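In what follows, a structure is listed as structure tokens, so that the remarks can point back to it.
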Amino acid sequence: MDARLRRVNKEIADCKNDKTSNIKIDLIDDSPFHLKGSFPGPEGTPYQGGTFEVDIVIPESYPFQPVKMKFITKVYHPNISSASGAICLDILKDAWSPVLTLKSTLISLQSLLCSPEPNDPQDAEVAKHYTTSKSSFDDTAVYWTQIYAGGPGPQGKKGKGTTMGKEPRDEIAIAGLERAHVEQFEALGFERSKVIDVLRRLNYRGPNVAKLSEDRVVEELLK
Amino acid sequence: MSSDYEISDDDENYYDYDEDMIDGTQDEEEEDGDMYMDTYGDDFKVAPKNKRKPYEIEYESLSQAAVEKLMQEDVEHICGIFGVDGSTAALLLRHMSWNKERLIEKYMDNPSKVLVDAGVTVKEPSSPSAPVRSHSSSNSNSNANNGRRPTRSTSKLIGLASGSKSPKIPTVSPPALRPSKPTRPTPFVCPICFDDSPDLKPLSLDCEHSFCSGCWTAYVSSKINDEAEHCIRCMAEGCALVTPDPFIRALLLVEPTEPVGEPSLQKENVATWARFQELLVRHFVASNPNLKYCPYPSCTNTVSCPGAASKASLATVVPIVSCGRRGFGITEEMSQSQPVGMGLAAKEHKFCFGCPIESDHRPVVCNVAKMWLKKCRDDSETANWIKSNTKECPQCQSTIEKNGGCNHMTCKKCKHDFCWVCMGPWAEHGTAWYSCNRFDEKGSVEARDAQSRSRASLERYLHYYNRWANHEQSAKLSVELYTKTEKKMEDMQITSALTWIEVQFMKKAVEEVEKCRTTLKWTYAMAYYLARGNEKELFEDNQRDLEKAVEDLSELLEQPIEAENIPTLRQKVTDKTVYVQKRNDIVLEDTAMGFLEGRWKWNVAVEGFDEPEKVEF
Ligand SMILES: [Zn+2]
Ligand SMILES: [Zn+2]
Ligand SMILES: [Zn+2]
Ligand SMILES: [Zn+2]
Ligand SMILES: [Zn+2]
Ligand SMILES: [Zn+2]
């Protein structure tokens, strides 16, 4: 039997038999080389309570070349692209070792959620948000976990008692911005989506707000 | 003539491959020079034997084997100084990008750190118990090509005999060899493929991370073929040990005594080993500014050109070199199976040593050539129309198509003779005041307002670009025309009494035309950036004379060929070819001398040259 197939089959079986781990690997279609992994968001992080799904593609020369993984679930995290789910993690690139497995790699992704590396970002805008205003970043990550990963939402968080449910998604919260800031520029006659776009790009958050004059923002809005 | 340019032409000096080339340390190597030449002289493609022209640079073409010899010399040098085996020395040198001097310095300072950093030994809290890993068969193992079993430790240090210059002996802890299996309490299961069959061969480096030989081979092959990586670390996560060459060799090449595996796989492994050797050579070449790997696809030759190794030298020389091979890098038998013809398939691998341009861009220096190509790319749309192969007759406006390289056009309809490039009457081109090549600068100087100024600047660019593009086009067209003619001449050889030699004269002529059109092409790039003045005018005089001669020869090449006119045509073509050659030499020589003398001034800032006094076109 093909060595790659034997190894992948064993990996999938081992993962199934491991009752203690909370990592799951499932087939997407008939191919054992295109899989879906999932794991719960780690406790004590903004991702807590969510379930995160990962697309897994096993290359021809696996395990001698690294497995290809990206998040299916949208994640708000400096090392994960907020648009594509692409992941910046050394073991998926040059630090890959053939002894690593799908399970150990998924565990590494889980711990990446615990310890972001904003200095080596995949998503520069998210990373800027993380470094300028950690608490605002956490709120946004919790909101994303709630709406994309089935998380519980910001219950118990002071002043933000959004109830869970099917209410329309809040574009301002998704972008990690303050409602008052968005409305301030909306009042000047700009479209909401445009304002959100520009404020997010300028990282109009926390101490950065004082550094960006209204004129500067308007200038961007007019581009 | 500048003295540092005149390099002796005598062959002895020529072959005296510069030992300083790599790092300036040469104590031990002095005597090697002659031996080197004797043994490897055959691998060198000898550069022009006759006196070098000022526009030719001294260089040598090296085969892969010749470069490997240079590498081996460095390895042996390091072996001698450090008292390590060949594969260890190789890993150390690669780790330091073949900078021997730095390696020696660092190693003398802290050998164990260097060994760990290079992935030769395991990083461990030093235990002073085992100072030197010595083993009975140290000598037989010290040869880089002698590795047999990958399980064998390959990073051992052979005894340091000479006390004086030996560095401190690094302490390498784990005891020398561990053929793992017997001491293993449980049967071996490969942690990668999960195979546990009893006939599995577990192999490890000094770190004792054991994997089956099949996994090792697959891993090493993937690193080499998929990633073009020569520095291959142990498969264990985070392990920094690098697989030494004998280990890789043992994985990929079957020993004659071993049972022969699947033939197709074996063939693949042999190819992987060859690719690995090539990667090592490429790394060595890339680490050495005096060397450059031939850019032609699947060619493995290298050119050594110390005269163009520094950036500064590129302001005075145009280092056009050739790797010594011909053809598209394909094997001999393949190229022979192709029609020889004009020998396009057998073209020299000519390229510039100083820049990424993969063709001859003499007479213009690299930085100006690059600037020009960038300008052409940026302005490609504006200039696209020029490349079209049809134009209208300036007299009767009927469409005329160009199908040869000659610029002398005669309208089929009204018989008007005109120049394809400037569309002016051809009659004027034959006279002394031929000036098709010179841009009339008056217009742009007189332009007052911004708009007419920018129009004039575009016109100026188009003047040069038009001629540049035309020579490129014409060179191609002459070659195409020739392939047709050649067929005809070969036929005539059969039907008439002509000998093979007698029908060959066109070939030389077409080759010369193609070469000169390449020169002419780049003279327009040069003229575009040359500052106005006497020097530029003289340059354009030479350019004009060459252009005129080339056009005349092109015209001759388009004469109808019949068996009876061949003797006269042959005489005319041969004479003209000699003349064209002379004109081309004059252009190249004068320009090259100008660079050496610092005579050329530009109308823009060019790296390596003085700032232009004032920008004026
Ligand atoms: Zn294995
Ligand atoms: Zn290891
Ligand atoms: Zn070549
Ligand atoms: Zn060049
Ligand atoms: Zn006409
Ligand atoms: Zn003309």
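All chains are named by letter (A, B, ...) in the order of the sequence lines, taking the proteins before the strands, and each is independently numbered beginning at 1. What you see is a predicted model, and the numbers here were worked out from it, not measured in a lab.
- Listed in order of number, the residues of residues 36-57 of chain A that approach chain B to under 4.5 Å between heavy atoms amount to none.
- For residues 59-88 of chain A, a heavy-atom distance under 4.5 Å to chain B picks out A:Ser61, A:Pro63, A:Phe64, A:Gln65, given by residue number.
- The interface of residues 15-35 of chain A with chain B, defined by heavy-atom distances below 4.5 Å, is empty.
- Within 6.0 Å of atom CD in A:Glu219, more than 12 heavy atoms from other residues, nucleotides or ligands are found, so the atom counts as buried in its surroundings.
- A donor-acceptor pair under 3.5 Å is formed between the side chain of A:Arg7 and the backbone N or O of B:Ile192.
- Put simply, CZ on B:Phe194 and CG on A:Asp14 are 6.0 Å apart, with the number rounded to the nearest 0.5 Å.
- For a heavy-atom cut-off of 4.5 Å, chain B lies close to A:Ser97, A:Pro98, A:Val99, A:Leu100 in residues 93-120 of chain A.
- Using a 4.5 Å cut-off between heavy atoms, B:Ala218 contacts chain A through both its backbone and its side chain.
- Contacts between B:Cys215 and chain A at a heavy-atom distance below 4.5 Å involve backbone atoms as well as side-chain atoms.
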